[in-house]
Amino acid sequence: NQSPLPLGSLPAVPTLPLLQALRMRAPGSPGWQVGPASGQPLRYMLNLYRRAADREGRPRRSRSLGTNTIRLVQASSHGGQPWAGRWYLQVLTYHLEGQPEAEHLLRATVVYLPSLSLAHGHLLCALELVVAGEAPRVLLSPTARPRHGWAEVDITPYLALGNSSVGSLALRHVCVRAGRAGGHDAPVAPGHPFLLLYLNDTQAGLAPPAAEPHRHQC
Amino acid sequence: DTGMLAHDLPNYLREQGGEKSDCSLHSFPVSFAQLGWNPWIIAPHRYNLRYCKGTCPHLLRYDYHAPNHAVVQSFVHQLVDANVPWPSRVPYRYSPISVLMIERSGAILYKEYENMIAESCTCR
């Protein structure tokens with residue numbers, strides 16, 4: 001009936017680099033901020049994944065995404081009450097600090113739904129970039145034809161490539177409800193746009209490459 | 001005496017089951033749930049790791065891609081000191097897999113990881 005060993009006395013298990021790398025990403029470990037992904041962002045990434053790899057995870061050479069890492073970043077904070085009559089306005093903030101150094105930014109886009117069908121009429125949306133101290137700047141129109149309704153706008157220049165000091169990005173998501181005003185049903189809020197960071201991971205192994213281990217003569 | 005060895009080569013080859021057989025590469029489908037990684041790896045659910053097994057032949061011919069070190073070590077094991085281990089069968093070429101995972105920040109990550117599937121074996 002041995003009392004459980006106090007944690008402090010457990011031998012320090014040398015964590016294997018792989019487990020170290022995975023533990024850094026594991027949910028439930030300290031710093032796990034947001035619940036598991038769900039809804040539209042997850043569906044978008046699952047579709048992207050199925051286009052890029054087969055059922056066993058083997059990359060389809062014919063469908064290369066042109067990079068080995070793509071990170072979907074969701075808005076981590078947004079303003080208060082977004083609706084005013086037909087208008088919807090939401091300020092969204094995306095936190096970008098803490099990107100692993102080994103991941104070099106190739107391209108950044110924001111993905112959103114330019115139009116959404118509603119029970120009565122539909123919603124037309126646009127994005128504005130909020131630059132500190134300047135009036136919001138309307139982003140260019142989508143750089144590619146919307147795929148499955150999703151439009152992707154290239155915002156790479158705004159992230160001041162190479163300037164790793166870009167900690168966060170603020171966008172204004174503006175929509176207007178077109179068509180007959182619906183009954184008294186609560187207005188349907190559009191899904192939040194999300195960022196896609198196309199990165200080149202220069203250390204594509206699982207475990208962060210430890211320096212050449214200095215092994216003593218056995 | 002290399003003359004003897006060359007003369008004796010056919011026996012060596014017969015002894016090793018004739019032609020080089022890559023039956024050393026074994027399939028092993030593994031799921032990320034079995035590894036306990038499924039809380040944050042969304043896709044794929046499983047993949048075929050493949051691994052190398054079996055003893056290395058006595059004569060590491062050119063098509064094993066074995067480095068010279070392995071050839072010498074096999075001779076040392078046979079002729080000098082059996083405590084020096086026989087070369088082991090290990091993967092020679094690998095291929096990547098793509099993974100979809102969730103990060104602690106809630107970001108969703110698509111990542112291609114190198115060297116995740118063994119495609120062929122060698123002796124080292």
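Note that the structure is predicted; figures quoted are calculated from it, not measured. Values below: every heavy atom of this structure, side chains too, minus hydrogens, waters and symmetry copies. A note on names: the letters A, B, ... follow the listed sequences, proteins ahead of strands, and every chain is numbered from 1.
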Quick check on Asn68(B): does its CG atom have over 12 non-hydrogen neighbours (other residues, nucleotides or ligands) under 6.0 Å away? no
Quick one: do Glu112(B) and Arg58(A) satisfy salt bridge (Lys or Arg N to Asp or Glu O under 4.0 Å)? Show the steps, please. CA-CA 9 Å; Glu112(B) 268 185 34; Arg58(A) 286 177 178 268; over 6 Å; no
For the side chain of Tyr49(A) and the backbone of Ser98(B), is there at least one donor-acceptor N/O pair under 3.5 Å apart? yes
What distance do Arg51(A) atom CZ and Tyr110(B) atom OH have between them, rounded to the nearest 0.5 Å? 10.5 Å
Taking side chain as everything from C-beta outward and backbone as N, CA, C, O, which of these in Leu46(A) sits under 4.5 Å from a heavy atom of chain B? Side chain, backbone, both or neither. both
Does a sphere of radius 6.0 Å around CD in Gln34(B) hold more than 12 heavy atoms from other residues, nucleotides or ligands, not counting ones at 6.0 Å or beyond? yes
Separation between OG1 of Thr69(A) and OH of Tyr113(B), rounded to the nearest 0.5 Å: 7.5 Å
Could you grab the distance from atom CD1 of Ile70(A) to atom CG of Leu109(B), nearest 0.5 Å is fine? 9.5 Å
Quick one: are Glu103(A) and Lys111(B) in side-chain contact, heavy atoms under 4.5 Å? yes
First locate atom CZ of Arg43(A), then atom CD1 of Ile108(B), and finally report the distance between them rounded to the nearest 0.5 Å. 11.0 Å
Distance, nearest 0.5 Å, that separates CZ of Arg71(A) from CD of Glu103(B): 4.0 Å
Heavy-atom pair count under 4.5 Å with chain A, highest-scoring of Ser95(B), Ala43(B), Pro29(B): Ala43(B)
